[in-house]
Chemist: 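One structure, as structure tokens, below. Some questions next.
Keep in mind that this is a model prediction, so the values were computed, not measured.
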Amino acid sequence: MPKSVFIMRHAKSSWAQSGIPDHDRPLNKRGIADAPAMGRMLVEHKLVPQKLYHSSAKRTVLTAELLCKQFAGEATIGGDIFDRNSIESMEELYLAPWTTYVELMMHLAEGESSEQLNSIMLLGHNPGLETLIEKLTGRYQTMPTATVVWIEMASDDWGDSENLMVSGGFRLMDIWRPKEL
């Protein structure tokens, strides 16, 4: 079964509090509305990922929590049920370059359940996400906040990620921007 990668930029964050460190910025009102809307849209399309990896920044943590409220108890693309064990916060994804995301995908091949893991969501920040999409698909896509991109990998092995980038083995399936829903 081909692997599905969902790439999402965190929902809109707040700049209301001056002097707050970037890592600690919360979501604003629009972000609090957009994140669950994007989660509901994925549920409606039956595109719930099996695993969600997100940056440790407050805005991505809050985005992930709002998504998870929509995903909780839903069947994933892999057929299992999305639960709290389906989410993982990763410090290295905070403002990560595109190469960090590819390394994460390659590392998934080493896990015991690699064959059963058919879909993931990578939730993080620009410019790393926009560059990642371009490197995987050969197509540049703008990633406003809370945008979700669905990419399909032409392999059933996460370990092929790096080679498939070179050979065009990733296909852009769809892109959803909150303002376009």
Side-chain angles (χ1 to χ4, degrees), residues 3-49 51-71 74 77 82 86-105 119-153 161 165 170-181:
K3 306 292 189 189
S4 286
V5 181
F6 296 90
I7 299 170
M8 182 175 184
R9 184 174 175 202
H10 62 80
K12 187 78 174 160
S13 61
S14 174
W15 291 91
Q17 298 171 330
S18 63
I20 190 168
D22 181 70
H23 190 273
D24 299 331
R25 286 189 295 114
L27 297 179
N28 69 11
K29 186 188 276 188
R30 189 173 98 203
I32 291 168
D34 285 350
M38 299 309 280
R40 282 190 301 277
M41 181 272 306
L42 289 170
V43 168
E44 289 167 6
H45 283 84
K46 299 190 183 325
L47 294 173
V48 176
K51 282 288 275 186
L52 189 160
Y53 299 95
H54 65 85
S55 154
S56 60
K58 186 170 188 173
R59 59 192 178 272
T60 52
V61 171
L62 294 172
T63 301
E65 288 173 357
L66 291 167
L67 286 171
C68 289
K69 286 181 181 177
Q70 303 304 311
F71 295 166
E74 297 289 339
I77 289 177
F82 192 94
S86 304
I87 184 170
E88 186 174 336
S89 179
M90 301 179 73
E91 182 70 35
E92 59 266 37
L93 295 183
Y94 174 60
L95 302 178
W98 68 273
T99 52
T100 301
Y101 294 100
V102 174
E103 289 168 8
L104 169 60
M105 290 167 43
S119 59
I120 62 170
M121 177 176 272
L122 303 171
L123 174 57
H125 312 267
N126 273 342
L129 294 180
E130 287 178 345
T131 306
L132 174 66
I133 293 163
E134 185 173 17
K135 295 290 184 181
L136 295 180
T137 68
R139 295 174 56 191
Y140 176 78
Q141 296 291 326
T142 59
M143 292 286 289
T145 54
T147 296
V148 177
V149 172
W150 174 23
I151 296 172
E152 194 169 84
M153 183 174 149
S161 298
M165 262 183 8
F170 287 92
R171 185 169 64 135
L172 180 66
M173 302 299 288
D174 215 333
I175 183 165
W176 300 277
R177 294 177 181 95
K179 288 185 177 181
E180 297 170 359
L181 291 184

Chemist: Does R59 reach the side chain of H125, with side-chain heavy atoms less than 4.5 Å apart?
Modeler: yes
Chemist: Give a yes or no answer on whether the side chain of N126 reaches the backbone of M143 with a donor-acceptor pair at less than 3.5 Å.
Modeler: yes
Chemist: Measure the NZ-CD distance between K3 and E152 for me, rounded to the nearest 0.5 Å.
Modeler: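 If we round to the nearest 0.5 Å, K3:NZ and E152:CD are 11.5 Å apart.
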Chemist: Is any side-chain heavy atom of M153 closer than 4.5 Å to a side-chain heavy atom of S161?
Modeler: yes
Chemist: Between S56 and S89, which heavy-atom pair has the shortest distance, and what is it?
Modeler: CA-OG, 3.6 Å
Chemist: With heavy-atom distances below 4.5 Å as the criterion, would you say the side chains of L104 and E92 are in contact?
Modeler: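 A side-chain contact is absent here, since even the closest heavy-atom pair is not under 4.5 Å.
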Chemist: When rounded to the nearest 0.5 angstrom, what distance separates OH in Y140 from OG1 in T131?
Modeler: 7.5 Å
Chemist: Could you state the interatomic distance from NZ (K69) to CZ (R40), rounded to the nearest 0.5 Å?
Modeler: 12.0 Å
Chemist: Please assess M121 against L67 for the test side chain to side chain contact (heavy atoms under 4.5 Å, CB included), listing each intermediate value before the final yes or no.
Modeler: CA-CA 11 Å; M121 177 176 272; L67 286 171; 3.8 Å; yes
Chemist: How long is the span from the CZ atom in R139 to the CD1 atom in I151, to the nearest 0.5 Å?
Modeler: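 Separation between the atoms: 10.0 Å.
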Chemist: Would you say the side-chain atoms of R9 pair up with the backbone N or O of E130, donor to acceptor, closer than 3.5 Å?
Modeler: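 Here the side-chain-to-backbone pair does not exist.
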Chemist: Do D34 and K179 touch side chain to side chain, with heavy atoms closer than 4.5 Å?
Modeler: no
Chemist: Does A11 offer a backbone N or O that forms a donor-acceptor pair with the side chain of T63 under 3.5 Å?
Modeler: yes
Chemist: For F82 and P49, which heavy atoms make the closest approach, and how far apart are they?
Modeler: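 Reported closest heavy-atom pair: CD1-O, 3.2 Å.
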Chemist: Is the count of non-hydrogen atoms from other residues, nucleotides or ligands lying under 6.0 Å from R171 atom CZ greater than 12?
Modeler: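 Check fails, neighbour count at 12 or below.
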Chemist: What I'd like to find out is whether the side chain of L42 reaches to under 4.5 Å of the side chain of F71, using heavy atoms alone.
Modeler: yes
Chemist: Is it true that a side-chain atom of R30 and a backbone atom of K12 form a donor plus acceptor pair closer than 3.5 Å?
Modeler: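 Here the side-chain-to-backbone pair does not exist.
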Chemist: Keeping to residues at least two apart or across chains, list the side-chain hydrogen bond (donor to acceptor under 3.5 Å, both in side chains) pairs with something in residues 94-103.
Modeler: D22-Y94
Chemist: If we only count heavy atoms from C-beta on, is the L129 to T147 side-chain gap below 4.5 Å?
Modeler: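 Not touching, per the 4.5 Å side-chain cut-off.
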Chemist: Using every non-hydrogen atom in the two residues, find where P36 and I32 come nearest and quote the distance to one decimal.
Modeler: CD-O, 3.1 Å
Chemist: Return the NE2 to CD distance between H54 and E88, rounded to the nearest 0.5 Å.
Modeler: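 Separation between the atoms: 8.5 Å.
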Chemist: Are T60 and L93 side-chain neighbours, meaning at least one heavy-atom pair lies under 4.5 Å?
Modeler: no
Chemist: Could you tell me if the side chain of L47 sits less than 4.5 Å from the side chain of W176, heavy atoms only?
Modeler: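 A side-chain contact under 4.5 Å exists here.
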Chemist: Determine the minimum heavy-atom distance between L136 and F170, stating which atoms define it.
Modeler: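 Here L136 and F170 meet closest at O-CB, 3.1 Å.
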Chemist: Could you go through the side chain to side chain contact (heavy atoms under 4.5 Å, CB included) check for L122 and L132 one step at a time?
Modeler: CA-CA 10 Å; L122 303 171; L132 174 66; 4.1 Å; yes
Chemist: Let me confirm one number: the CD1-NZ distance from I120 to K51, rounded to the nearest 0.5 Å.
Modeler: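 Rounded to the nearest 0.5 Å, the CD1-NZ separation comes to 10.0 Å.
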